[in-house]
Amino acid sequence: MLFNDIIKILTDKELLGYIFEGLGNTLILTVVAAVIGLFLGFIVAIVKISAEGNKYMKIPAVICNIYTTVFRGTPVALQLFIMIFAVFAIPGFKPYAAILTFGINSGAYVSESIRAGIASVDKGQMEAGRAVGLSWNTTMIRIILPQAIKNIIPAIGNEIIALLKETSIISMVGATVGTLTFDLNAASNTIYREIPNFLASGLIVGCFYLVIVYFLTFVIKYIERRLRASDKC
């Protein structure tokens, strides 16, 4: 029975179309949210680090600390509900509010990964750069960040994988595009209405998630190997 239902789903163009459309939406959601997260995370990390030697950055650093504490300390599902049903309670805006929510949440984690990566670089590097007449910004961009990125990339990659899986909860808030459910996980609910075997659709969707995660893991490991190889040169 289970095998027959899986075959029906995989051979039905309409049902398979739901999955591929959900897959496309999931990837778009993940990529856009990851870009937002990287942008916010980089800004927050730089603000926190620059506050160590600049008194004018103390207040922005406090704001950034509150941001990271709140978004890392509360469930993303709760954040999603608040953003969609309170902050951005606009008809038809649910998918976009979800992207913003995941991006802002991701930014809180990314900021700590970037900050830790920069902090792992010997402080003498900054002092050496300033000693030869480079500004703080130039030293950070040309000397510190190229070294820190080797420690940052694996953590960022893991965050993107976590973000991909977290996006599956968007179905909890009923985000839709047209008449279709928005993401890959929600596609299984759509299929269930026509083939009432949630295990069959769930296994297929789970395999799609597994393939994507495996591909991302492969890419991250490949980048890590290339970075290690460059250290030996």
Side-chain angles (χ1 to χ4, degrees), residues 29-80 82-83 87 97-167 216-217 219-228 230-231:
L29 171 61
T30 302
V31 170
V32 177
V35 171
I36 294 173
L38 286 171
F39 177 75
L40 287 176
F42 181 77
I43 291 177
V44 170
I46 294 299
V47 168
K48 287 185 176 182
I49 291 172
S50 61
E52 296 175 3
N54 188 340
K55 64 180 180 180
Y56 297 107
M57 297 300 292
K58 296 295 184 183
I59 294 178
V62 170
I63 296 174
C64 289
N65 282 326
I66 293 174
Y67 157 65
T68 54
T69 299
V70 170
F71 279 90
R72 294 177 72 212
T74 56
V76 66
L78 176 62
Q79 297 167 20
L80 189 62
I82 292 175
M83 294 289 275
V87 180
I99 290 174
L100 287 173
T101 303
F102 288 121
I104 294 171
N105 175 270
S106 179
Y109 290 92
V110 168
S111 67
E112 288 303 298
S113 297
I114 295 176
R115 186 192 62 78
I118 294 175
S120 67
V121 178
D122 193 288
K123 292 184 178 179
Q125 299 289 315
M126 175 62 75
E127 295 172 358
R130 299 305 300 275
V132 298
L134 298 178
S135 66
W136 189 92
N137 292 336
T138 302
T139 305
M140 178 62 68
I141 294 172
R142 294 187 178 182
I143 298 177
I144 305 300
L145 286 179
Q147 298 179 65
I149 198 168
K150 296 178 181 180
N151 297 323
I152 293 172
I153 285 181
I156 296 298
N158 290 331
E159 170 56 26
I160 292 175
I161 290 175
L163 177 61
L164 170 71
K165 292 183 288 186
E166 286 176 354
T167 58
L216 289 175
T217 302
V219 171
I220 294 168
K221 290 183 177 179
Y222 174 77
I223 294 174
E224 288 184 52
R225 287 197 300 269
R226 292 298 298 268
L227 292 175
R228 285 198 297 267
S230 66
D231 287 338

Here the gap from Gln147 atom CD to Ile152 atom CD1, rounded to the nearest 0.5 Å, amounts to 11.5 Å

Would the distance check show the side chain of Tyr109 and the main-chain N or O of Gly37 forming a donor-acceptor pair, the cut-off being under 3.5 Å?
no

Would you call Arg115 and Glu112 a salt bridge, taking side-chain N to carboxylate O under 4.0 Å as the test?
yes

Should we count CZ of Arg142 as having more than 12 external heavy atoms under 6.0 Å?
no

So which heavy atom on Tyr67 is nearest to which on Ala108, and how close?
OH-N, 3.1 Å

Close side-chain approach of Glu224 to Ile153, heavy-atom, < 4.5 Å:
no

Side chains of Ile161 and Ile220: does their closest heavy-atom pair fall under 4.5 Å?
yes

Using 0.5 Å steps for rounding, measure from the CG atom of Asn151 to the OG atom of Ser120.
4.0 Å

Decide yes or no for Ile36 and Phe102: does some side-chain heavy atom of the first lie under 4.5 Å from some side-chain heavy atom of the second?
no

Please round to the nearest 0.5 Å and tell me the distance separating atom CD1 of Ile49 and atom OG of Ser111.
10.0 Å

Enter the distance from Ser50:OG to Met140:CE here, rounded to the nearest 0.5 Å.
8.0 Å

Only pairs under 3.5 Å count here: list side-chain donor-acceptor contacts from residues 38-45, not counting sequence neighbours, and write none if there are none.
none

Side-chain (Asn105) to main-chain (Thr101) donor-acceptor, under 3.5 angstrom
no

Could you state the interatomic distance from CD1 (Ile149) to CD1 (Ile114), rounded to the nearest 0.5 Å?
9.0 Å

Looking at every heavy atom in both Ala61 and Ala51, which two are closest together, and how far apart are they?
CB-CB, 3.5 Å

Greater than 12 external heavy atoms within 6.0 Å of Lys58's NZ
yes

First locate atom CD1 of Ile46, then atom CD1 of Ile118, and finally report the distance between them rounded to the nearest 0.5 Å.
4.0 Å

Nearest heavy-atom neighbours spanning Cys64 and Val47:
SG-CG1, 3.8 Å

Just wondering, do Ile104 and Gln79 contact through their side chains at under 4.5 Å, heavy atoms?
no

